[in-house]
Amino acid sequence: MKTSIENLALLGGTPAFPEYLHVGRPNIGDRAVLMERINDMLDKRWLTNNGPYVQEFERKIAEYVDVKHCIAVCNATIGLEIAIRALDLKDEVIIPSFTFIATAHALQWQEITPIFGDINSATHNLDPKAVEKMISPSTSGIIGVHVWGRPCEIEALKEIADRHHLKVMFDAAHAFGNSHHGQMIGNFGELEVYSFHATKFLNSFEGGAIVTNNDDLAQKIRNMINFGFAGYDQVAYLGVNGKMTEICAAMGLTSLESIDSIIAANRQNYLAYKQELSGVPGISVAEYDETEKCNYQYMILEIDEKISGINRDLLVKILHAENVLARRYFYPGCHKMEPYRSLYPNAGLKLSNTEKLTQKVLSLPTGTSINEGAIYRICQVIQFSILNHKTIKEQINIS
Ligand SMILES: *Cc1c(COP(=O)(O)O)cnc(C)c1O
């Protein structure tokens with residue numbers, strides 16, 4: 001309990017937590033079941049190359065989101081690259097800058113120029129009006145990202161794409177298990193790509209999946225993830241090795257069996273944070289639509305310094321000192337990281353909402369490794385810091 005300013009770890013007090021609390025700490029399913037699967041695959045000596053666990057994982061993911069085809073891949077970044085190539089995207093593709101760097105890299109790696117469109121400050125997602133402004137004769141497609149799992153403006157992006165003869169796909173790395181107007185994410189655009197990286201709420205150690213309702217596209221992608229092989233000695237496409245391994249699929253299947261309890265824990269954490277932080281000046285919690293399915297995997301705050309008296313970066317420092325490793329997603333924005341910063345030095349001029357948001361957003365620990373007691377103490381540090389912001393800033397300047 002922080003009762004006086006000297007108690008803050010930043011000012012020499014004891015950290016509120018003896019061990020680090022991480023954002024994205026992996027959720028672990030039933031260990032015994034996982035070990036059984038691992039022993040079984042070792043007995044069978046079938047470790048990769050579309051084995052029975054990968055097939056079962058693909059079937060269960062497709063069932064869960066009610067999509068026709070699921071192709072499991074080694075990670076979402078390679079999944080995005082394969083998807084981009086399978087759709088024949090080229091020259092310029094519009095994406096948000098407010099996303100994980102992999103969305104941009106997947107394009108640039110193939111010498112396709114990512115054109116950064118600004119976001120809507122309220123939703124944190126790509127603003128269709130900004131997208132329309134970025135279209136040029138070289139634009140071939142749009143990649144929408146469902147940031148924090150909140151669906152981006154799917155219909156508006158589709159309408160723009162149709163008018164300009166562009167293809168639309170989605171980076172759904174955050175959005176497995178979420179719905180939009182009652183339909184599961186995974187069914188929109190030409191295809192969508194999930195991530196099952198260890199830090200995502202549902203994990204397969206490393207992994208991802210491309211989902212689509214298009215039969216031809218699914219077959220093409222299936223060949224592409226396996227060097228382009230279409231038959232024993234027949235290569236039909238420029239391919240790569242994008243296959244998911246059996247051990248990853250076993251982890252994915254085991255995680256999937258716990259998905260209800262993981263989501264329930266995330267939701268409980270979200271509600272607890274929301275309750276503890278309601279009414280704290282200058283803090284707003286990013287809301288989820290309770291009428292839709294939602295995985296609640298990100299606990300996101302916006303700090304308004306004018307009201308809180310404390311800026312996001314100082315709050316991060318205070319929390320880190322308490323061993324709460326809050327994160328500044330997606331700071332500083334893709335356009336401010338290399339190689340984009342050097343290649344497109346003026347991109348920021350059209351990204352004013354993105355630049356403002358990257359100064360305000362904070363991600364807090366959630367998932368099955370944290371409990372309500374910890375959440376209460378984290379919120380108390382935040383509340384206490386805002387209440388005492390003047391004294392804290394004075395003390396830091398003195399020391
Ligand atoms: C995690 C993430 C990725 C990359 O996923 P990997 O499976 O780690 O390659 C891509 N896009 C977004 C938005 C992500 O959050």
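Just so you know, ligand 1 is whichever comes first in the structure, and atom 1 is the first atom listed for that ligand. Residue numbers start at 1 and run along the sequence shown.
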Which residue is it: Phe100, Tyr194, Phe176, Phe170? I am looking for the one with a ring-ring contact (aromatic ring centres under 6.0 Å, His included) to His146.
Phe170
Among Val73, Ile78, Thr77, whose heavy atom sits nearest atom 9 (O) of ligand 1?
Thr77
Under a 4.0 angstrom heavy-atom cut-off, which atoms of ligand 1 come close to His197?
7 (O), 8 (O)
Does the gap between the ring centers of Phe98 and Phe330 come in under 6.0 Å?
yes
Who else is in the cluster with Phe229 when I, L, V, M, F, W and Y are joined by side-chain contacts under 4.5 Å?
Phe227, Val235
Before signing off on this row, confirm whether His174 and ligand 1 have an N or O atom pair separated by under 3.5 Å.
yes
Below 3.5 Å, N or O to N or O, backbone or side chain included: is there any such pair between Lys200 and ligand 1?
yes
Indicate yes or no: does Arg267 engage Glu290 in a salt bridge with an N to O separation below 4.0 Å.
yes
Count the heavy atoms belonging to other residues, nucleotides or ligands that lie under 6.0 Å from NZ of Lys360, then report whether that count exceeds 12.
yes
Which of the numbered atoms in ligand 1 are below 4.0 angstrom from a heavy atom of Thr99?
13 (C)
Going by the 4.0 angstrom heavy-atom rule, the piece of Ala76 near ligand 1 is both
Looking only at protein heavy atoms, what sits closest to atom 3 (C) of ligand 1 is Phe100 CD2, 3.6 Å
Report the member of Ala175, Ser204, Ala173 with the shortest heavy-atom distance to atom 12 (C) of ligand 1.
Ala173
Which bit of Asp171 gets closer than 4.0 Å to ligand 1, counting heavy atoms only: side chain, backbone, both or neither?
side chain
Check ion pair Lys44-Asp40 (N to O, under 4.0 angstrom)
yes
Less than 4.0 angstrom from a charged side-chain N to a carboxylate O is my criterion; do Arg150 and Asp289 meet it?
no
On a heavy-atom basis, which atom in His181 and which in Glu292 lie closest, and how many Å separate them?
N-OE2, 2.7 Å
Is Gly207 close enough to touch ligand 1? Criterion: a residue heavy atom under 4.0 Å from a ligand atom.
yes
Between ligand 1 and Ser195, is the shortest N or O to N or O distance under 3.5 Å?
yes
Should you measure from each heavy atom of Asn75, which atoms of ligand 1 turn up under 4.0 Å away?
7 (O), 9 (O)
